[in-house]
Enquirer: 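Have a look at this one before I ask anything.
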Amino acid sequence: MTKYIYKFDEGQKSMKDLLGGKGANLAEMKSLGLPVPDGFTITTEACIEYLKNDAELPDTLLEQLNIELDALSQRIQKSFSADESLLLVSVRSGAKISMPGMMDTILNLGLNDENVKKLATKTNDSRFAYDCYRRLLQMFGQVVYGIPMAAFDTYFNQYKTQHGYQSDADIPAEGLQDICNHFKEVYVEETYKPFPQEPINQLTEAIEAVFKSWDNDRARVYRQLNEIPHDIGTAVNIQEMVFGNSGERSGTGVAFTRNPVTGQANLFGEYLLNAQGEDVVAGIRTPKDIETLRAQMPHVHQQFVDVSKRLETHYKDMQDIEFTIENEQLYILQTRSGKRTANAAIHIAVDLVEEEIITKEEAVLNVEVKSIDQLLHPNFDEQSLKNATTISKIGLPASPGAASGKIVFSAEIAKEQAENGNKVILMRPETSPEDIEGMIASEAIVTTHGGMTSHAAVVARGMGKCCVTGCSDVEINVVDKVIHYPGGTLQEGDVISVDGAKGDIYYGEVATMKAERSEAFEQFMSWSEDVARLQVRMNAETPQDIQTGYQFNAKGIGLVRTEHMFFGPERLIEMRRFILSDTQDKRIAALNKIQQYQMTDFEAILKLSGERPTIIRLLDPPLHEFLPSSVEEKNNVAEQLNVSVRELEQYIENLNEVNPMLGHRGCRLAITYPELYVMQAEAIVSSALRLKAQGIECQPEIMIPLVSTVAEFTILKDQIVEKIEQLQQEAGDRIQYLIGTMIETPRACLIADELAEVCDFFSFGTNDLTQLTFGFSRDDAGKFIGSYLEQGILERDPFQTLDQNGVGQLVKKAAQQAKAVNPNIKIGVCGELGGDDKSIHYFNQIDIDYVSCSPFRVPGALLSTAQSEVKGGRSRV
Ligand code: PEP
Ligand code: MG
């Protein structure tokens, strides 16, 4: 019989696959002797079976559930039917990978019309008992029967207003009793059946609801966004209730062992007295700083400080801990690695190494690659800020970044506007999981309620999205779509700017500035470099981009796309003159002019690179990309080139290709116009010789694109070498240079051993290689890739993440064969996949020496290579 249920005593932290993160950690904390309320976990296997079997619970699950409930009752001497020692439980989902706000929780399960009276008598507190019951009715109704939250909330809020109660805590027992009675009527109105009174029925329905919620839309969206597989299911944790809402000596809270925004090494958290479950994160009441607990309940505070230190050292990472205090007794309900900003992640990793809690290899694994992007996020320009009009400065800096956009009031409109190309800022009183798609679509999120652990704050930090919460001097009227703030009003569509690092909101658009990096960042990146095997180069051609890449410690340039240098107006006209020339002499004359521009460019690039290797790729795209298309442009060009518009159109017509990506491009251009590559090679080498004469050594690597045969390469290489030899003789000096090829066609992969004999280096152009291996046009694949992903034909877009089974195998075998015949050959990857985390893990395990990507992706790529090495390095594919 499959074991579907594990007591907390039977699990441990390594069992996340089966028990989910929450279940495994509850078990681990139990084994550490921490104060965890007793309970058990229903496995992810049970969820998978349930979903596979068309929403049928596995055969023996109910049998096992009864046995485990009896065992729990025995252990804690409580039961669902006892008068004095009444058992109430919480039911919480918990997948292997934490999905905050995505799945659902039910508290106080076991209460019914009878048990609520027993609870009132036992605690001598009817208010508390009915408060628990109304919460159960609300949560159960929403989670299990899908009753809209508003069906309960509207009545609850009206009731408070009618009776003049300021806060929930002011409602007396009789009021809560009335509310419970009304909530039970809501069940009948909404679902045509009463609230289930039998605790075991409540429990099985709740378990099924958690299983079902694995497949709800917002859970799917979250998984998609975070690349969590859809088939791993969720576990369900059933745990004895402890009550943070049983008076002023009780409470509930959430705390991080370190500051999740800055990384500072001090406890950071919030709590509310006389509150339960979601109260702290829901933003209904403003929570208190954990520090004030020291004064209110010193021994509980001290105990919590000790527990958090212990958990952090045990898990070797910053923890996010949920706790409840029941009559001054501390209980820990959950621990997990805390979500944090990239800045905090770096500081925490560096501090933990310095505190000797982790090694630098472990530190490298503690920072998510995608969070590195956040560090490179812009800030507002200080000067522009001085002139900006403030809307609010009292919000909380929930997630850093600086963004401007038009105000929208709902997730739906946010999505719609973003799809139409508008930048929007989502403004809400608070957010809930339903808002997830709108949050993704927005540049920033602003809420008027909620603290640093509110839904908006946690989710935005996870996404690396700018967010300000608790902006309480701003009043949002979602219905009338208007905002009142101390200085005036704002309407939907007005532009505002949000500073997520400070918590400030400004009117209009404020200019942004590039991100600055800290010492800790440099330290962390240098550890990543120590650990990494693969080198990281950059794809860049402008001095500004090259400088950026070198600031990020790129080890050289992996790809200069020379065609990007031809788009300035004075250059373009010479390029057009070259293309439209009908004799070689005319072509050479045009090329001589282009060469002047090229030399200036190459000299600047090579100077910035110095001795770092610099791959310059010779011209690649089909020539008609350089030709005019509009009537106006054609008229201009015809005039400049001194030809008639008719003649020009005839040339254009002649150059037209049915499949330009498969046509006259790459090395094929130089096979037909040899002077083209010779001119470029001459520009590169003469620039290098000139620099050498000034005392600057450099290492150009000349790359020939789109090669499919050895002869293509050798013919062009011989022409280039002849020119280089001539230049070196004339200069009376020699430079260090290499000549290699891009590997972009399946045929080139298959003859990699032959090519390796004549090439100094290979660089896999995975954009074209993916295009040609699948036969998917890289420019049109967007039209159908979505359907392929939806139908599960492909797991990922192969232009974004390497297709390991197909393209990956070609790369692997080609690299292996090349190294076998030419062990000195340098092999890199310079397509988009060179900056993608998963693809880099693959490249790290095969015969690749470096990856190359755009400058801002360099730090992330470096971290990916380091992580891949720590996780096991080579020879696992
Ligand atoms: C490639 O094909 O992967 C590549 C880097 O070249 P381009 O994208 O310029 O075709
Ligand atoms: Mg290419």
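Keep in mind that the numbers below use all heavy atoms, side chains included, and drop hydrogens, waters and symmetry copies. Both counts, for ligands and for their atoms, begin at 1 and track the order of listing.
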Enquirer: Keeping Arg778 on the side-chain end and Gln771 on the backbone end, is there a donor-acceptor pair under 3.5 Å?
Expert: no
Enquirer: Check this for me: does any side-chain nitrogen of one of Lys593 and Glu570 sit under 4.0 Å from a carboxylate oxygen of the other?
Expert: no
Enquirer: If the threshold is 4.0 Å, N to carboxylate O, is there a salt bridge linking Lys717 and Asp760?
Expert: no
Enquirer: Near the Mg ion (ligand 2), which protein N/O/S atoms are found at less than 2.8 Å?
Expert: Glu744 OE2, Asp768 OD2
Enquirer: Between Phe578 and Tyr673, does the ring centre distance come in under 6.0 Å?
Expert: yes
Enquirer: Is Arg665 salt-bridged to Glu563, going by a charged N under 4.0 Å from an acidic O?
Expert: no
Enquirer: Let me know which protein residues bring a heavy atom to under 4.0 Å of ligand 1; chain then number is fine for ordering.
Expert: Leu559, Arg561, Arg617, Asp620, Arg665, Met742, Glu744, Gly765, Thr766, Asn767, Asp768, Arg778, Cys830, Gly831
Enquirer: Is it true that Glu574 and Arg571 have a side-chain N and a carboxylate O under 4.0 angstrom from each other?
Expert: no
Enquirer: Salt-bridge test for Glu529 and Lys555: reply yes if a basic N is under 4.0 Å from a carboxylate O, no otherwise.
Expert: yes
Enquirer: Charged N to carboxylate O under 4.0 angstrom, Arg796 versus Asp836?
Expert: no
Enquirer: I'd like to know if Arg747 pairs up with Glu712 as an ion pair, taking the criterion as any Lys NZ or Arg NE/NH1/NH2 lying under 4.0 Å from an Asp or Glu carboxylate oxygen.
Expert: no
